[in-house]
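Just so it is clear: chains get the letters A, B, ... in the order the sequence lines come, proteins before strands, and each one is counted from 1.
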Amino acid sequence: MPGKINSKKIPTMIDAKLLRASAATVAENLARRRFEFDADAYLALEEQRKALQVEVENLRAGRNASAKDIGKAKARGEDITPLLAAVEELGTKLAAVEGKLQLVQEQIREIEVGLPNLLHDDVPVGADEADNTEVKKWGEPRTLDFEAKDHVDLGASLGMLDFDSAARISGSRFVVLQGPLARLQRALIQFMLDVHTAEHGYEEVYVPYLVQADALFGTGQLPKFENDQFKTTDDPPFYLIPTAEVPVTNLERENILEAAELPLRRVAHTPCFRSEAGSYGKDTRGMIRQHQFEKVELVQLVEPGKSDAALEELTGHAEVILERLNLPYRKVILCSGDVGFGSHKTYDLEVWLPGQNAYREISSCSNYGDFQARRMQTRWRNPASGKPELLHTLNGSGVAAGRALIAVMENYQEADGSVMVPDALKPYMGGLDKISA
RNA sequence: GGAGAGGUGGCUGAGUGGUCGAAAGCGCUCCCCUGCUAAGGGAGUAAGGGCUAAUACCCCUUCGAGGGUUCGAAUCCCUCCCUCUCCGCCA
């Protein structure tokens, strides 16, 4: 049973007027995701809704007028019994039509809430991961004169990566880091936060790790991805955040921002919790896919029309981290079959992992357009119109700390199983320049 | 966890059944006056939805959330949430 989502005042996920005016175009766009939107059925419901709404509003107007008349008559000391009788029928009829309207509205809302975001024209059409398009490659993987170990073996020989203890305490998909390796992850986090706040203009925020259903609805994890979340048994339940994107973006939920406050850039380090339901057998070795991991997240709120540029900029901020750490990576644009539910356009950064001999995702940077803003009712006052209008939201990992740790271990490994400390992290390691057993 | 107070427009704050979407003040916008500045005068100033060529009228909804009473609820009743004060407890 999902937590209560108090969002009945939110009209729709994709602009309702756009849906009505161009349902077929919307259906076409969503079909690129292999999402089936039955435009005809939707429009038929919309027509019913409109007719019923007009009827309800007319009946209400009649009732309101009568109520006022009664008030006036009473003030004059007249007998109001005949007026009461006239209103009675209006009331029963109104209740009946209201019931019908509510039913239709619920059906419409159910459809709308389940609609993914429209895709940007840049998004290549494709079925899955394999169809993502590489748009950039940076750095050369080191050539080793010994066989590369993966982080699990390196961690074991260092005696600083303990999956057995984690399993005893918590089960699978958890890890315990020890000593210098634990510190290395903290160093990565500190380094990233420092770069983003000092050089990229982000404000650091500390946020709750437990949130209400509304917040998850706002950023798009609910209602569709209920099963991916951990949640408590409280009533209403708390959800453990799957990413800092949720609390940080929702900071501006139901707010109207002034133009001068934009663009709003915020960065937070948080743990992230994911149930990983349905990923059985996937990445079971090591700490690639955990129930709990650390991440530094970048969030931007920008004026509509500036979000395309902002996505390039934000992705660049994440790239800087990998470049300063001298970690080879590639940048891919996710294809229509792989891009997330709420995303308009997404770049993934994939870091080179010698232990896997592959590039693996370490950052995902997305422009959500107005999708999240509509769900959260986050707006700005457009000076041009003087009216509140929806903002555009973006977020990206800058970057995932757990995977960054893996990347550093595997890319900086030496023949003897020790791990060199990247120059950028040395100030955060108290002078230590090599981690060895 | 216990006791009390309270949640109203960008803000402060009045309103305890009817002409209240809501006094007043602040803030903001425009205009007038004023030889700079200061002060003063006038007007305007919530959001969402429907209708529409319309950012014009008109209509509907919204006074923490949900439910109820009533012809009619910001105002009465119930449940919940949150904030503040005091006490307890505690990192």
**Student:** Could you give the CD-to-P distance, from E254(A) to rG10(B), as a whole number of Å?
**Tutor:** 12 Å

**Student:** Measure CZ/F217(A) against C1'/rA65(B) and give the value in whole Å, please.
**Tutor:**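 Distance, rounded to whole Å: 17 Å.
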
**Student:** Would K306(A) and E303(A) count as a salt bridge (charged side-chain N to carboxylate O under 4.0 Å, His left out) if you check the C-alpha gap in whole Å, the side-chain angles of each, and the deciding distance to 0.1 Å?
**Tutor:** CA-CA 6 Å; K306(A) 295 192 175 170; E303(A) 296 172 22; 3.6 Å; yes

**Student:** Can you tell me if K426(A) has over 12 outside heavy atoms packed within less than 6.0 Å of its NZ?
**Tutor:** yes

**Student:** For rG15(B) versus rC30(B), give the span between their C1' atoms, rounded off to a whole number of Å.
**Tutor:**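 About 30 Å, rounded to a whole number of Å.
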
**Student:** Taking atom P of rG50(B) as reference, at what distance in whole Å does atom CD1 of I108(A) sit?
**Tutor:**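 In whole Å, rG50(B) P and I108(A) CD1 are 11 Å from each other.
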
**Student:** For rC71(B) versus rU19(B), give the span between their C1' atoms, rounded off to a whole number of Å.
**Tutor:**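 The answer is 16 Å between these two C1' atoms.
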
**Student:** When the P atoms of rA74(B) and rU83(B) are compared, how many Å lie between them, rounded to an integer?
**Tutor:**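 Going atom to atom, P in each nucleotide, I get 26 Å.
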
**Student:** What residue among V211(A), V246(A), I241(A) forms side chain to side chain contact (heavy atoms under 4.5 Å, CB included) with Q221(A)?
**Tutor:**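 Of V211(A), V246(A), I241(A), side chain to side chain contact (heavy atoms under 4.5 Å, CB included) with Q221(A) is met by V246(A) alone.
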
**Student:** What is the distance, to the nearest angstrom, from the CG atom on L90(A) to the C1' atom on rU70(B)?
**Tutor:** 15 Å

**Student:** Separation of Q102(A) atom CD from rG49(B) atom P, in whole Å?
**Tutor:**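 So the two atoms are 20 Å apart, to the nearest Å.
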
**Student:** Which of the following nucleotides, rA47(B), rU19(B), rC59(B), is nearest to the side chain of K68(A)?
**Tutor:** rU19(B)

**Student:** If a stem is a run of at least 3 consecutive Watson-Crick or G-U pairs, both distances under 3.5 Å, which stems include RNA chain B?
**Tutor:** B:1-7 with B:81-87, B:10-12 with B:24-26, B:27-32 with B:40-45, B:46-50 with B:58-62, B:64-68 with B:76-80

**Student:** Write down the distance separating the C1' atoms in rG21(B) and rA73(B), rounded off to the nearest Å.
**Tutor:**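 Comparing C1' positions in rG21(B) and rA73(B) gives a spacing of 14 Å.
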
**Student:** Using a cut-off of less than 4.0 Å, is there contact between a side-chain N or O of R60(A) and OP1 or OP2 of rC71(B)?
**Tutor:** no

**Student:** Using whole Å, report how far CG of L101(A) lies from C1' of rC60(B).
**Tutor:**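 Rounding to the nearest Å, CG of L101(A) and C1' of rC60(B) are 11 Å apart.
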
**Student:** Looking at the rings of H269(A) and Y206(A), which for Trp means the six-membered one, are their centres under 6.0 Å apart?
**Tutor:** no

**Student:** Return no unless some side-chain N or O of N64(A) is found under 4.0 Å from OP1 or OP2 of rG72(B).
**Tutor:** no

**Student:** I need the CZ-C1' distance between R381(A) and rC28(B), as an integer number of Å.
**Tutor:** 10 Å

**Student:** Could you please name the option among rG18(B), rU61(B), rA47(B) that lies closest to any side-chain atom of R63(A)?
**Tutor:**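 The closest nucleotide is rU61(B).
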
**Student:** Suppose we screen for side chain to side chain donor-acceptor pair (under 3.5 Å). Which residues come up paired with D228(A), at least two apart in sequence or across chains?
**Tutor:**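 Per chain and number, D228(A) pairs via side chain to side chain donor-acceptor pair (under 3.5 Å) with no residue.
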
**Student:** Determine whether more than 12 heavy atoms belonging to other residues, nucleotides or ligands lie under 6.0 Å from atom CD of E199(A).
**Tutor:**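 For E199(A), atom CD is crowded (more than 12 foreign heavy atoms under 6.0 Å).
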
**Student:** What is the separation between atom CD1 on I70(A) and atom C1' on rG17(B), rounded to the nearest whole Å?
**Tutor:**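 I70(A) atom CD1 is separated from rG17(B) atom C1' by 13 Å.
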
**Student:** Looking at E297(A), R266(A), Q300(A), which one forms a side-chain hydrogen bond (donor to acceptor under 3.5 Å, both in side chains) with Y202(A)?
**Tutor:** Q300(A)

**Student:** In whole angstrom, give me the gap between the P atoms of rG48(B) and rG10(B).
**Tutor:**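 To the nearest whole Å, 11 Å.
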
**Student:** Could you pick out which residue, K72(A) or G62(A), lies toward the 5' side of RNA chain B when each is mapped onto its nearest nucleotide?
**Tutor:** K72(A)

**Student:** Can you tell me, in whole Å, how much space there is between the P of rU62(B) and that of rU85(B)?
**Tutor:**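 Rounded to whole Å, the distance is 33 Å.
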
**Student:** Say you pick atom C1' in rC51(B) and the same atom in rC59(B); how far apart are they, in whole Å?
**Tutor:**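 Comparing C1' positions in rC51(B) and rC59(B) gives a spacing of 8 Å.
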
**Student:** With rounding to the closest Å, how many angstrom separate the P atoms on rA56(B) and rG50(B)?
**Tutor:** 15 Å

**Student:** Does V56(A) or E389(A) map to a spot on RNA chain B nearer the 5' end, using the closest nucleotide for each?
**Tutor:** E389(A)

**Student:** With the side chain of K50(A) defined as its heavy atoms from C-beta on, choose the nearest nucleotide among rG50(B), rC71(B), rC59(B).
**Tutor:**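 The answer is rG50(B).
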
**Student:** Identify the two heavy atoms, one from Q105(A) and one from Q53(A), that lie closest to each other, and give their separation to 0.1 Å.
**Tutor:**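 Here Q105(A) and Q53(A) meet closest at NE2-OE1, 4.2 Å.
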
**Student:** Starting the side chain at C-beta, find the nucleotide from rC51(B), rG18(B), rG49(B) nearest to E57(A).
**Tutor:** rG49(B)

**Student:** Does the side chain of N255(A) pick up a donor-acceptor pair with the side chain of E252(A) at under 3.5 Å?
**Tutor:**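 Side chains of N255(A) and E252(A): pair found under 3.5 Å.
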
**Student:** Out of rU61(B), rC59(B), rG50(B), which nucleotide sits closest to the side chain of Q53(A)?
**Tutor:** rG50(B)

